[in-house]
Participant: 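Quick one: the structure is below, and I'll ask about it shortly.
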Amino acid sequence: MKKISILFVCLGNICRSPIAEGVFRKKAEAANLNNSIEIDSAGTAAWHAGNPPDTRMIEAAKERGYDITNLRARQVNTNDFSKFDYILAMDDENLMDLEDVSPEGTAANLKLFLDYANGAKEREVPDPYFGGADGFFHVIELVESASDGLIKEILSENQS
Ligand code: 4NP
């Protein structure tokens with residue numbers, strides 16, 4: 001199977017996209033895809049570059065069985081558009097910001113991550129930063145659902 005690279009993108013790269021990376025990595029491993037997939041995450045803003053994920057997301061992730069403590073935030077850069085096959089935004093604003101900075105002729109598949117969440121009522125992963133603990137668990141549920149959908153698509157596209 002050809003190597004597939006996926007970049008998850010939110011605003012700060014400390015809440016939504018790190019948990020998307022952590023959840024997707026665990027599910028990819030469970031589907032035996034870890035040798036075929038490269039996963040990373042980034043933020044459209046540089047405010048938190050170099051920082052670990054938000055402690056509230058680290059704690060919520062731990063409760064759900066995901067370890068994201070080793071991740072460090074970084075900002076999206078122009079090389080990402082040629083490096084990654086999929087660039088998956090958490091919300092419409094992230095998607096618009098990505099489209100604004102994407103070099104002409106970018107081949108990457110630029111989409112909302114929840115496009116892969118079958119049956120989800122929401123289109124966007126809501127920003128939990130200014131809300132309570134529930135918001136963090138809600139984000140985890142949404143990214144779990146979208147990760148399942150994306151893994152299904154990758155497996156069906158790579159059937160021999
Ligand atoms: P994220 O959440 O985009 O999911 O990482 C946010 C993190 C930080 C801020 C906003 C959203 N902030 O305003 O610093």
Side-chain angles (χ1 to χ4, degrees), residues 4-29 37-103 106 108-151 153-154:
I4 295 170
S5 52
I6 302 169
L7 180 68
F8 296 104
V9 177
C10 63
L11 176 60
N13 193 209
I14 55 167
C15 297
R16 292 166 293 174
S17 58
I19 190 61
E21 179 180 348
V23 166
F24 193 81
R25 175 162 288 123
K26 190 168 180 186
K27 286 180 178 287
E29 278 168 14
I37 297 189
E38 192 184 329
I39 310 161
D40 197 5
S41 66
T44 55
W47 308 319
H48 300 280
N51 292 346
D54 188 298
T55 48
R56 296 166 296 171
M57 187 53 95
I58 288 179
E59 286 307 311
K62 197 172 156 195
E63 273 196 46
R64 292 289 181 269
Y66 305 104
D67 182 1
I68 56 167
T69 49
N70 289 334
L71 301 183
R72 294 294 176 268
R74 72 170 180 90
Q75 188 176 27
V76 172
N77 63 64
T78 3
N79 292 335
D80 290 326
F81 293 92
S82 49
K83 182 171 176 202
F84 290 93
D85 301 310
Y86 292 84
I87 301 180
L88 301 174
M90 298 299 130
D91 65 30
D92 282 322
E93 188 180 297
N94 308 149
L95 187 59
M96 275 192 291
D97 289 342
L98 285 168
E99 282 164 354
D100 280 350
V101 295
S102 68
T106 293
N109 204 346
L110 232 68
K111 293 176 77 159
L112 285 176
F113 187 30
L114 290 194
D115 287 354
Y116 294 99
N118 291 329
K121 290 191 202 89
E122 287 152 277
R123 299 178 55 249
E124 303 177 282
V125 181
D127 184 349
Y129 190 70
F130 296 105
D134 286 1
F136 290 83
F137 289 105
H138 183 53
V139 166
I140 296 176
E141 281 164 23
L142 292 172
V143 304
E144 284 177 332
S145 169
S147 295
D148 287 336
L150 179 54
I151 285 184
E153 173 169 305
I154 290 170

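Everything numeric in this text was worked out from a predicted model, so none of it was measured. One-based numbering, in listed order, for ligands and for the atoms of each.
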Participant: Of the listed options (V9, V139, D127, N13), which comes nearest to atom 10 (C) of ligand 1 when hydrogens are ignored and any heavy atom counts?
Facilitator: D127

Participant: Looking only at distances, can you tell me whether any N or O atom of S17, backbone or side chain, sits closer than 3.5 Å to an N or O atom of ligand 1?
Facilitator: no

Participant: Does ligand 1 have any atom sitting under 4.0 Å from a heavy atom of M90?
Facilitator: no

Participant: Identify the protein heavy atom lying closest to atom 4 (O) of ligand 1, giving its residue, its atom name and the separation to 0.1 Å.
Facilitator: R16 NE, 2.7 Å

Participant: Test side-chain contact (heavy atoms from CB on, under 4.5 Å) on S147 and F113 and set out the steps.
Facilitator: CA-CA 8 Å; S147 295; F113 187 30; 3.5 Å; yes

Participant: Which atoms from ligand 1 have a heavy atom of H48 less than 4.0 Å away?
Facilitator: 8 (C), 12 (N), 14 (O)

Participant: Between I154 and I6, is any pair of side-chain heavy atoms under 4.5 Å apart?
Facilitator: yes

Participant: For a quick test of reading the model, state the closest non-hydrogen atom pair linking T69 to P53 and the distance between them.
Facilitator: O-CD, 4.5 Å

Participant: Write out the residue and atom name of the closest protein heavy atom to atom 9 (C) of ligand 1, then the distance separating them to 0.1 Å.
Facilitator: Y129 CD2, 3.5 Å

Participant: Counting each atom of ligand 1 from 1 as listed, which ones have a heavy atom of C15 under 4.0 Å away?
Facilitator: 1 (P), 2 (O), 4 (O), 5 (O)

Participant: Look at R25 together with E29 and state whether they make a salt bridge at an N to O cut-off of under 4.0 Å.
Facilitator: no

Participant: Using a strict cut-off of less than 4.0 Å between a Lys/Arg side-chain nitrogen and an Asp/Glu carboxylate oxygen, indicate whether R16 and D91 qualify as a salt bridge.
Facilitator: yes

Participant: Which protein heavy atom lies closest to atom 13 (O) of ligand 1, and at what distance to 0.1 Å?
Facilitator: W47 CZ3, 3.6 Å

Participant: Of all the non-hydrogen atoms in the protein, which one sits nearest to atom 1 (P) of ligand 1, and at what distance?
Facilitator: C10 SG, 3.5 Å

Participant: Would you say the side chain of I39 lies within less than 4.5 Å of the side chain of F8, judging by non-hydrogen atoms?
Facilitator: yes

Participant: Should you measure from each heavy atom of I14, which atoms of ligand 1 turn up under 4.0 Å away?
Facilitator: 5 (O), 7 (C), 8 (C)

Participant: Check whether any side-chain heavy atom of F136 sits under 4.5 Å from a side-chain heavy atom of E59, and report yes or no.
Facilitator: no

Participant: So which heavy atom on N109 is nearest to which on L88, and how close?
Facilitator: O-CD2, 4.4 Å

Participant: Is any N or O atom of L11, backbone or side chain, closer than 3.5 Å to an N or O atom of ligand 1?
Facilitator: yes

Participant: Which of the numbered atoms in ligand 1 are below 4.0 angstrom from a heavy atom of G12?
Facilitator: 1 (P), 3 (O), 5 (O)

